[in-house]
Amino acid sequence: MSQSTSTHARPALSGRLGVDIGGTFTDVVLEIGDALHSTKVLTTYNAPEDAIIDGLQQVCRKAGVEPSVINQVIHGTTLATNALIERRGAKTALITTEGFRDVIEMRTESRFEQYDLNLKIPEPLLPRNQRYVLSERISAKGQVLKPLDRKAVEALAEEIAAGGYQSVAVGLIHSYLNDTHEKMVRDVLSARMPEVMISLSSEVSPQMREYERFNTVAANAYVKPMMKSYLSRLVRRLKEAGADGPVFLMHSGGGIISLESASEFPVRLVESGPAGGAIFAAHIAARYGLDKVLSFDMGGTTAKICLIKDQVPKTSRVFEVARTYRFKKGSGMPISIPVIDMVEIGAGGGSLAHVDSMRQIRVGPESAGSEPGPACYQRGGTRPAVTDADLVLGRLDPHDFAGGSIPLSPDASHDALSTHLGKTLGLDSATAAFGLSEVVDENMANAARVHAVENGEDLANYTMIAFGGAAPLHAGRLCEKLGIDRLIVPPGAGVGSAIGFLKAPFSFESTRSVYMRLNAFDAGVVRQLLSELRDESTNFVRSCDAHAAIHADYKVYMRYVGQGWEIPVSLSAADAENPNEKRFQDLFEADYATLFGRTVHGLDIEITVWAVNATTEPATAEKAVPLAAKRAAQSAGTRKLFDTASEQYRDASIVQRTALAAGDTVKGPAVVTEAETTIILPAGFNAVNRSDNCLDITRDNAGH
C-alpha cells in the first residue's frame with residue numbers, strides 16, 4: 001500500500017475527497033476550489049468500498065469532472081469500531097508476562113452498576129485459551145528484573161504457529177519504560193511467521209495502566225488484518241475508478257495520518273468519523289468567534305455530543321468502545337489512545353424503539369442501520385425507528401428524503417409504531433411517535449447535561465452547532481430541553497463529518513509514561529523526554545506532508561500523590577525547552593482549582609504521562625460577516641408539523657434552503673429542506689441566513 005505524497009502529477013483542476021463511512025450512510029464530499037459537492041449513499045457492509053466508489057462517481061457527475069481531478073482522499077470510518085463491537089476481527093493471540101494473563105478479564109474489578117445484582121461483566125476481547133505468557137519481568141523503573149529467554153520465545157512461537165493465528169498482540173508488564181523484551185518477541189515471531197501481523201503495546205500505547213494498555217494492543221491486533229485488507233482494496237478500487245491520489249485517514253484525536261500509519265495502528269481510527277464532526281464544529285465556531293460551543297452530531301446510528309471551548313475540541317487519552325450496559329461508562333472496552341473527548345449514545349435515525357417490562361418506551365442502542373433500515377425504508381424492517389417517528393410527526397418529506405433517492409412509506413411507519421408501541425400502551429401511531437421522539441431527545445439531552453457537569457460547564461451560555469443527517473431535525477427540541485438559546489446549522493450539515501475531514505490538519509500525538517514527583521523534578525530528563533516525543537510525533541506528520549510547517553503542543557498529566565487519576569495540563573514551548581518545577585506546580589494548581597474549586601495544600605504533585613501533539617496548521621476559518629435580517633424567506637408551501645409544546649399538529653411553512661439569500665429570515669414553526677437533511681424550527685424559534693449560508697437560529701426570548 002505504499003503511496004507517495006509528492007510524485008503524483010496533479011491536473012490543472014484539482015480536488016479533494018472527504019469520505020465518512022457511518023453505520024447507516026456513507027457520506028462523500030468533493031471539494032474543488034471553494035465549491036463543495038456532496039452525496040449520501042447507504043453503507044455497504046460486506047464491501048464498504050463499493051459505497052465509496054458509488055458516492056465518488058455521484059459527486060464527480062454533480063461537479064462535471066472526472067475522478068482523475070481528485071488528488072487527495074481523506075477517509076474516516078467506523079469499520080474498526082464495528083468490528084470490536086460485533087467481535088468480527090481476526091483470530092488473535094495475546095502474549096503477556098507470566099502472572100498477568102487474566103488482566104483483560106479481571107478488568108479493574110469496579111461495578112459500573114453497583115445495585116444490579118445480576119450484573120453481567122462483558123467478555124474479554126480474547127478468551128483465555130488465546131492468551132499466552134512468558135517468564136520475564138521489567139520493573140516499574142524500566143530495569144530488567146528477570147531476563148527473557150529467547151529459547152522460551154521460540155518455543156512459544158511454535159505453539160502460536162500451530163494455533164493458526166492471523167495476528168498477535170504483545171503486552172508485557174512495564175514495557176512502556178523498556179521495550180527490549182517486546183521487540184525480541186516480535187523478532188522471533190516475525191522470523192517464524194512472517195505472514196502474521198504483530199502489534200506491540202510499547203508502540204501502540206506506551207502508557208502506564210496495564211489493563212488499558214493490554215486492551216488497546218489486543219484491539220489493535222484484532223482489527224489490523226481486516227483494516228489492512230480493506231485499505232488495500234480501497235486504494236485499488238480508487239485507482240481503477242481513476243482517482244489515483246494518496247489516501248489519508250482521520251484519526252480519533254482530530255488529525256490526519258498516512259495510510260501506512262493507519263494500517264499499522266488501526267485502533268487509532270475507532271472514533272475517526274465523530275472526530276471529523278468535532279473539527280467541523282470547531283471550524284464554524286472559529287468563523288463566528290464562539291468560545292463555548294456544544295457540538296451535536298446525530299446520524300443514522302449514534303449521536304455524538306462534544307464540548308468545544310475556545311474553538312478547540314476537548315481531548316482525552318482514554319476512550320471506551322463497545323459499552324454493553326446502556327452505554328454506561330465502565331461497561332465497555334477502554335482504548336488508551338489520543339481521542340477527542342465526547343459522549344456517544346445509541347440515538348440515531350435508525351435507533352429502534354420497544355416497550356420494556358415497566359411499560360416505558362425505550363430507544364436504542366440497537367439500530368436498524370442501512371440493512372434493513374427503519375420500517376419506512378421498505379427494505380424489510382418492521383420495527384419502529386426514530387426516522388419512522390420523524391416521518392409521522394411531519395418532520396420528513398416521504399418523497400424528498402436523501403434528495404429523493406430513498407422513497408419513504410408513511411403507512412409502514414404508522415404500522416410499525418402501532419404494532420410495537422401503540423397496541424401495548426393504548427396509543428395511536430402519532431402519539432406513539434411523539435413518545436418515541438421525546439424519549440430519544442431526552443436521552444440525548446441527559447447525555448449532554450452529564451457531559452457538561454463532568455467538565456464543570458453550564459450549557460445555558462453555550463451555542464449549539466448541529467450537523468449529521470438527523471441532528472437538525474432534533475436540535476431545536478434539544479435546545480429547549482437544555483436551555484440553549486442559539487443554534488447554528490451550517491451548510492452541508494448532513495455530511496458535516498466528511499467536510500470536517502477536509503478541514504483537519506495532519507497530526508500525530510506521541511505519549512509516554514515516565515513517573516516523576518515534583519519534589520524530585522529533573523529538568524534535564526524532562527527536556528530530553530519532551531524533545532524525543534516532539535521528534536517522534538513530528539516525523540509521523542512529516543511522512544504525510546514533507547513541506548508543511550509543523551508545530552508542537554505539549555501536555556502533561558498530573559495529580560496529587562495518592563490520587564487515582566490525572567488531569568491534563570498544557571505547557572508552552574518555552575515550558576518544554578526550559579522546564580521549571582515551580583512553573584509546573586502553578587499550572588497544575590490553576591487547572592485543578594478550575595475543575596474542583598480548590599487545591600490541596602501540603603500534598604506533593606506527580607506527573608505520570610507526557611504527550612506531544614505535532615500538527616500542521618488547520619484550515620483558516622474566514623470570519624463570518626455580521627449581517628442584519630432583511631426579508632422573510634419565500635415559502636414553498638405548508639405541511640402539518642407536530643408541535644411538542646402544544647402536543648398537536650400545526651401548519652408549518654416549507655422553505656427550500658437553496659432558495660435562501662443572505663439576510664433572509666424564517667419564523668417557526670417551519671421546515672427548511674435540503675438534499676441531505678431537514679431543519680426543524682419549532683414555534684418560538686427564528687432563523688437568519690448568514691452571509692456564509694449558515695442558518696443562525698435563536699429563540700424568541702434569547703435577546704440576541
Side-chain angles (χ1 to χ4, degrees), residues 3 5 16-20 29 31 72-78 80-81 203-205 220 227 231 246-286 295 297 304 306 308 310-319 335-342 496-511 533-555 568 570 611-621:
Q3 300 178 77
T5 60
R16 302 166 71 223
L17 194 75
V19 179
D20 177 28
V29 175
E31 178 187 63
Q72 189 181 86
V73 177
I74 302 175
H75 180 24
T77 175
T78 60
T81 312
E203 294 178 348
V204 175
S205 180
N220 194 81
M227 290 302 297
L231 292 173
V247 178
F248 297 99
L249 277 295
M250 186 82 187
H251 65 70
S252 307
I256 303 167
I257 55 176
S258 67
L259 186 75
E260 290 78 10
S261 296
S263 298
E264 194 64 29
F265 304 114
V267 74
R268 289 207 173 207
L269 308 178
V270 292
E271 282 293 278
S272 60
I279 295 297
F280 179 57
H283 188 79
I284 301 299
S295 166
D297 175 6
K304 284 76 65 175
C306 176
I308 298 173
D310 301 322
Q311 298 151 29
V312 178
K314 187 176 181 293
T315 58
S316 176
R317 60 187 180 86
V318 178
F319 169 75
I335 303 296
S336 184
I337 56 170
V339 63
I340 288 180
D341 187 20
M342 64 182 74
S497 290
I499 296 175
F501 297 164
L502 302 175
K503 306 295 184 186
F506 292 105
S507 75
F508 193 88
E509 182 172 284
S510 295
T511 60
L533 290 173
R534 182 194 63 219
D535 292 344
E536 179 182 303
S537 57
T538 299
N539 289 337
F540 267 102
V541 177
R542 191 66 70 200
S543 69
C544 299
D545 193 325
H547 307 292
I550 299 174
H551 66 87
D553 296 317
Y554 301 86
K555 192 178 292 182
S570 296
V612 178
N613 184 50
T615 178
T616 58
E617 289 295 330
T620 302

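Residue indices begin at 1 and follow the sequence shown.
There is a side-chain donor-acceptor pair under 3.5 Å between Ser507 and His251.
Within the 3.5 Å criterion, the main-chain N or O of Pro505 finds no donor-acceptor partner in the side chain of Thr615. Under the 3.5 Å distance criterion, the side-chain polar atoms of Ser252 are matched with a main-chain donor or acceptor of Glu271. Between the side chain of Ser497 and the backbone N or O of Gly273, at least one donor-acceptor pair lies under 3.5 Å. Formation of a donor-acceptor pair under 3.5 Å by the Arg542 side chain with backbone atoms of Ala548 is found in this model. Of the possible donor and acceptor atoms, one in the side chain of Asn220 sits under 3.5 Å from a partner among the backbone N and O of Val267. Under the 3.5 Å distance criterion, the side-chain polar atoms of Ser272 are matched with a main-chain donor or acceptor of Thr77.
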Subject >> Working for side-chain contact (heavy atoms from CB on, under 4.5 Å), residues Lys555 and Thr315 >> reply: CA-CA 11 Å; Lys555 192 178 292 182; Thr315 58; 3.0 Å; yes
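Note: Phe508 and Phe540 have parallel aromatic rings, judged against thresholds of 30 and 60 degrees for the angle between ring planes.
Summarising the geometry of Arg534 relative to Ala552, their closest heavy-atom pair is CG-CB, 3.9 Å, with the distance given to 0.1 Å. Heavy-atom minimum distance, Pro266 versus Ser263: CD-O, 3.5 Å. The heavy-atom pair separating Gly254 from Ala504 by the smallest distance is O-CB, 3.9 Å. Closest approach of Ala281 and Ile308 over heavy atoms only: CB-CD1, 3.5 Å. Nearest heavy-atom pair, Val541 versus Ala614, reported as atom, atom and distance to 0.1 Å: CG2-O, 3.3 Å. Minimum interatomic distance between Ile340 and Ala275 (heavy atoms only, all atoms of both residues): CD1-O, 3.9 Å.
Taken to the nearest 0.5 Å, the CZ atom of Arg268 stands 14.5 Å off from the CE atom of Met227. A distance of 7.5 Å separates CG in Leu502 from CG in Leu17, rounded to the nearest 0.5 Å. The CD1 atom of Ile257 sits 11.0 Å away from the CD atom of Glu264 when rounded to the nearest 0.5 Å. With values rounded to the nearest 0.5 angstrom, Ile499 atom CD1 is found 14.0 Å from Ile279 atom CD1. Separating the CG atom in Asn613 from the OG atom in Ser510 is a distance of 8.5 Å, to the nearest 0.5 Å. Note that the OG1 atom of Thr616 and the NE2 atom of His551 stand 7.5 Å from one another [nearest 0.5 Å].
Between Leu231 and Leu249 the shortest side-chain heavy-atom distance falls below 4.5 Å. When side chains are defined from C-beta on, Met342 does not count as touching Phe319, because their heavy atoms never get closer than 4.5 Å.
Cation-pi geometry between Arg16 and Phe501 is not met at under 6.0 angstrom from the ring centre and within 45 degrees of the axis.
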